[in-house]
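Note sheet for the following structure.
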Amino acid sequence: QVQLVESGGGLVQAGGSLRLSCAASGSIFRIVYMGWYRQAPGKQRELVAILNRFGTTNYTDSVKGRFTISRDNAKNTAYLQMNSLKPEDTAVYYCKAVINLDREYWGQGTQVTVSS
């Protein structure tokens, strides 16, 4: 059984920074990729950033140059460094991982609120 535990959300003023963490635990022998999604009030859930096992990253256009996804393989942990935060970044952020035999796992979500 695999579990993803997220942390690092909170309230920050516009222009500030936060770093989200997503720790995968359990019976893990391979992580295919990890990524971050977000869902703002009244909006569809959208992909924010992904990082595959080869180190390739992809970001949605609205966060390019501001957000950075990374992973510590030894800790089975992914991070999302968020800089220059804007009010429109306010959302619940969810970690997603594809692990082992290509099974999908989701974190519980962490609230990020950016005030103007």
Side-chain angles (χ1 to χ4, degrees):
Q1 184 176 1
V2 174
Q3 184 179 17
L4 305 181
V5 178
E6 301 170 351
S7 62
L11 175 64
V12 65
Q13 291 186 336
S17 298
L18 287 172
R19 189 174 79 156
L20 307 183
S21 298
C22 175
S25 62
S27 300
I28 300 170
F29 61 85
R30 182 180 67 171
I31 297 177
V32 179
Y33 70 83
M34 300 187 75
W36 292 92
Y37 292 71
R38 67 186 180 187
Q39 188 165 19
K43 301 293 184 67
Q44 297 286 333
R45 186 174 298 186
E46 66 171 345
L47 176 68
V48 177
I50 55 172
L51 172 63
N52 70 16
R53 62 192 178 100
F54 303 109
T56 302
T57 59
N58 196 16
Y59 300 89
T60 190
D61 287 342
S62 64
V63 308
K64 287 180 179 177
R66 300 188 298 119
F67 291 11
T68 302
I69 186 172
S70 61
R71 195 175 84 189
D72 185 335
N73 290 334
K75 299 179 180 179
N76 288 328
T77 299
Y79 305 94
L80 185 68
Q81 179 66 45
M82 304 184 293
N83 298 326
S84 301
L85 283 162
K86 304 174 181 179
E88 51 262 43
D89 295 319
T90 295
V92 177
Y93 284 70
Y94 298 90
C95 179
K96 177 187 176 182
V98 174
I99 296 173
N100 293 344
L101 300 179
D102 296 336
R103 291 177 171 83
E104 296 184 359
Y105 299 89
W106 289 88
Q108 79 283 359
T110 184
Q111 177 70 48
V112 172
T113 302
V114 184
S115 63
S116 60

Are Leu47 and Trp106 grouped together when hydrophobic residues (ILVMFWY) are joined by side-chain heavy atoms under 4.5 angstrom apart?
-> yes

Just grab all the salt bridge (Lys or Arg N to Asp or Glu O under 4.0 Å) pairs involving residues 4-13, residues at least two apart or on different chains.
-> none

Below 4.5 Å, heavy atoms only, C-beta onward: do Gln111 and Thr90 meet side chain to side chain?
-> yes

Consider only side-chain heavy atoms of I, L, V, M, F, W and Y, link residues closer than 4.5 Å, and tell whether Ile69 and Leu4 are in one cluster.
-> no

Could you check if a side-chain atom of Arg71 sits within less than 4.5 angstrom of a side-chain atom of Ile31, using non-hydrogen atoms only?
-> yes

May I ask you to test the Thr68-Tyr79 pair for a side-chain heavy-atom distance under 4.5 Å?
-> no

Going by the disulfide bond (SG atoms under 2.5 Å apart) test, which pairs reach into residues 32-83, not counting sequence neighbours?
-> none

Applying the 4.5 Å side-chain criterion to the ILVMFWY set and letting contacts propagate, would Met34 and Tyr37 be lumped into a single cluster?
-> no

Tell me, yes or no, whether the heavy-atom count around Gln13 atom CD, taken from other residues, nucleotides or ligands under 6.0 Å, exceeds 12.
-> no

Is the shortest side-chain N to carboxylate O distance from Asp61 to Lys64 below 4.0 Å?
-> yes

Output for pair (Ile28 CD1, Asn73 CG), nearest 0.5 Å, gives 11.0 Å

How close do Leu80 and Ala49 get, heavy atom to heavy atom, and via which atoms?
-> CD1-CB, 4.2 Å

Can you tell me how far CD of Gln81 sits from OG of Ser21, rounded to the nearest 0.5 angstrom?
-> 9.5 Å

Interatomic distance, OG@Ser62 vs CD@Glu88, rounded to 0.5 Å, equals 8.0 Å

Counting N and O atoms only, with roles assigned by atom type, does the side chain of Thr57 sit under 3.5 Å from a partner on the main chain of Leu51, one being a donor and the other an acceptor?
-> no

Of all heavy-atom pairs between Gly9 and Leu20, which one has the smallest distance, and what is that distance?
-> N-CD2, 3.6 Å

Shared hydrophobic cluster, Ile50 / Phe67 (ILVMFWY, side-chain heavy atoms < 4.5 Å) = no

d(Arg38 CZ, Arg45 CZ) to nearest 0.5 Å is 13.0 Å

Look at the side-chain heavy atoms of Ile, Leu, Val, Met, Phe, Trp and Tyr, link any pair under 4.5 Å apart, and say whether Val92 and Val12 land in one connected group.
-> no

Search all heavy atoms of Ser17 against all heavy atoms of Ser84 and return the closest pair with its distance.
-> OG-N, 4.3 Å

Looking at side-chain heavy atoms only, is the closest gap between Met82 and Arg66 below 4.5 Å?
-> no

Donor-acceptor contacts under 3.5 Å from residues 94-103 side chains, at least two apart:
residue : atom : partner : partner atom : Å
Lys96   : NZ   : Tyr33   : OH           : 3.4
Asn100  : OD1  : Phe29   : N            : 2.9
Asn100  : OD1  : Arg30   : N            : 3.4
Asn100  : ND2  : Ser27   : O            : 2.7
Asp102  : OD1  : Arg30   : NH2          : 3.4

